[in-house]
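Beneath this line is the structure, given in structure tokens, with notes to follow.
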Amino acid sequence: MQHPVGSPLPPPHQPGHGPAPGWSPAAHHPGPPQGPAPLPPPAPGYPVAPRQAPSPHPGSGPAPHRPAPAPAPHQPAPAAPAPDTTGHVPLPPGGPVAVPSMPPATAAAPDPTTTTLAVLLIGPAGAGKTSVAKYWADHRRVPTAHISLDDVREWVRSGFADPQTGWNEHSEAQYRLARRTCGFSARNFLANGISCILDDAVFPDRPVVGLGGWKRHVGPGLLPVVLLPGLDIVLERNAERSGNRRLTDEEVARIHGRMAGWYGSGLPIIDNSQLDIPETAHLLDEVLSRSIASPPNW
């Protein structure tokens, strides 16, 4: 039986290290014989002459003493990447967003267009939350992200629990999951100096599940603002929607009635019935300036 002819491969080379100990290239790659060829055995009856060690330089006498080469300087191993990093962007420690600090009494009014903020825009379906949030994020002078809870809920494709078919344990579970995802995204953006505005239809009669949930997932520094136009405006805007974002008139009226509970809650409320998107965004900046100076109790 024939075996393949060849020499074994060397061990894989690792950065910062030489060949594996115990592996010698010469042991696995035989070359021409080194040193003098072996002498034939003497003929019978002749004395055997002592064999002399060959000189490395013929005619130059014994080989001079050579000092041993100095050991190679120690090469430090490459530094391992710092933990909790993604590229050049550090991940957040996961702590909640702190309450904005109170400015000194003599300081000028805070500018919400240049301050890193986390804003929660609340309102019924058709209030214009998503449109205002996008416009506000687009026109700030500092990096700002928009996070829509409805968009995050619709990341679930197969098995999406559509609230239009009825609010049940599955739609409730997916809502809570989407809110936690939004909260993590908001903390991640804020930890890297990027403001964010979130929008959700939070009901005042469910404070622990709604507003309390946002406070747990984002932090006490979240600034909630309510958009609450009149019912006729909400119905008109809802009629322009399509797909699962469009609700029945009865459902819109029911949600709008529950949102009226925000009056008297202490949260700032904007009635944008007669305001376009840029005007509403400008008024939002004014409301946020007051909220930074005196954070609402919620």
Side-chain angles (χ1 to χ4, degrees), residues 118-136 146-154 161-168 171-172 174-176 178-179 182-183 186 196-218 222-241 243-277 279-288 290-291 295-298:
V119 181
L120 175 62
L121 206 55
I122 301 170
K129 302 184 300 297
T130 301
S131 299
V132 172
K134 285 182 177 179
Y135 183 92
W136 185 80
H146 169 229
I147 306 172
S148 173
L149 183 129
D150 284 341
D151 289 344
V152 175
R153 279 198 310 113
E154 292 176 358
D162 192 345
Q164 287 188 346
T165 62
W167 193 261
N168 51 42
S171 52
E172 176 75 17
Q174 290 186 9
Y175 168 78
R176 291 172 180 264
R179 187 176 58 196
C182 291
C196 60
I197 181 169
L198 308 102
D199 66 79
D200 182 23
V202 181
F203 294 108
D205 54 357
R206 303 184 70 190
V208 177
V209 176
L211 202 55
W214 282 111
K215 188 175 183 178
R216 289 192 303 272
H217 294 307
V218 180
L222 184 65
L223 300 176
V225 179
V226 181
L227 284 185
L228 193 55
L231 177 58
D232 54 340
I233 300 298
V234 169
L235 289 170
E236 179 181 340
R237 293 174 180 171
N238 179 69
E240 299 173 355
R241 293 181 165 191
N244 59 9
R245 298 290 181 95
R246 181 173 180 174
L247 307 178
T248 63
D249 289 351
E250 293 77 10
E251 183 69 11
V252 172
R254 187 184 66 84
I255 294 174
H256 187 274
R258 292 177 64 183
M259 289 290 174
W262 286 118
Y263 287 103
S265 65
L267 296 187
I269 299 177
I270 299 176
D271 182 353
N272 58 331
S273 299
Q274 305 301 323
L275 302 177
D276 60 15
I277 294 175
E279 291 171 338
T280 305
H282 178 71
L283 187 55
L284 177 60
D285 278 331
E286 296 180 2
V287 170
L288 292 174
R290 294 192 294 268
S291 295
N297 295 322
W298 59 288

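Atoms considered below: every heavy atom in the structure, side chains included; atoms not considered: hydrogens, waters and symmetry mates. These numbers were taken from a predicted model, which means no experiment stands behind them.
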Closest non-hydrogen contact found for Ala125 with Arg241 is CB-NH1, 3.7 Å

Just checking, is any N or O donor in the side chain of Tyr135 or Asp276 under 3.5 Å from an acceptor N or O on the other one? no

With a 4.5 Å cut-off on side-chain heavy atoms, are [Y] and [X] touching?
X      : Y      : result
Leu211 : Leu120 : yes
Leu288 : Trp136 : yes
Pro124 : Leu228 : yes
His146 : Thr130 : yes

Between [atom1] of [X] and [atom2] of [Y], what distance do you get to the nearest 0.5 Å?
X      : Y      : atom1 : atom2 : answer
Leu121 : Ile147 : CG    : CD1   : 13.0 Å
His282 : Ile277 : NE2   : CD1   : 16.0 Å
Asp205 : Met259 : CG    : CE    : 9.0 Å
Leu275 : Thr280 : CG    : OG1   : 4.5 Å
Leu149 : Leu198 : CG    : CG    : 8.5 Å
Asn238 : Ile255 : CG    : CD1   : 8.5 Å

query = Does Pro229 offer a backbone N or O that forms a donor-acceptor pair with the side chain of His256 under 3.5 Å?
reply = yes

**Prompt:** Taking Lys129 for the side chain and Gly123 for the main chain, is one N or O donor matched with an acceptor at less than 3.5 Å?
**Reply:** yes

Q) Salt-bridged, Glu250 to Arg254, with N to O below 4.0 Å? A) no

*asked:* Can you tell whether the side chains of Arg237 and Glu240 come within less than 4.0 Å, N to carboxylate O?
replied: no

*asked:* For Asp150 and Ser148: C-alpha separation, side-chain torsions, deciding distance, then whether side chain to side chain donor-acceptor pair (under 3.5 Å) applies.
replied: CA-CA 5 Å; Asp150 284 341; Ser148 173; 5.1 Å; no

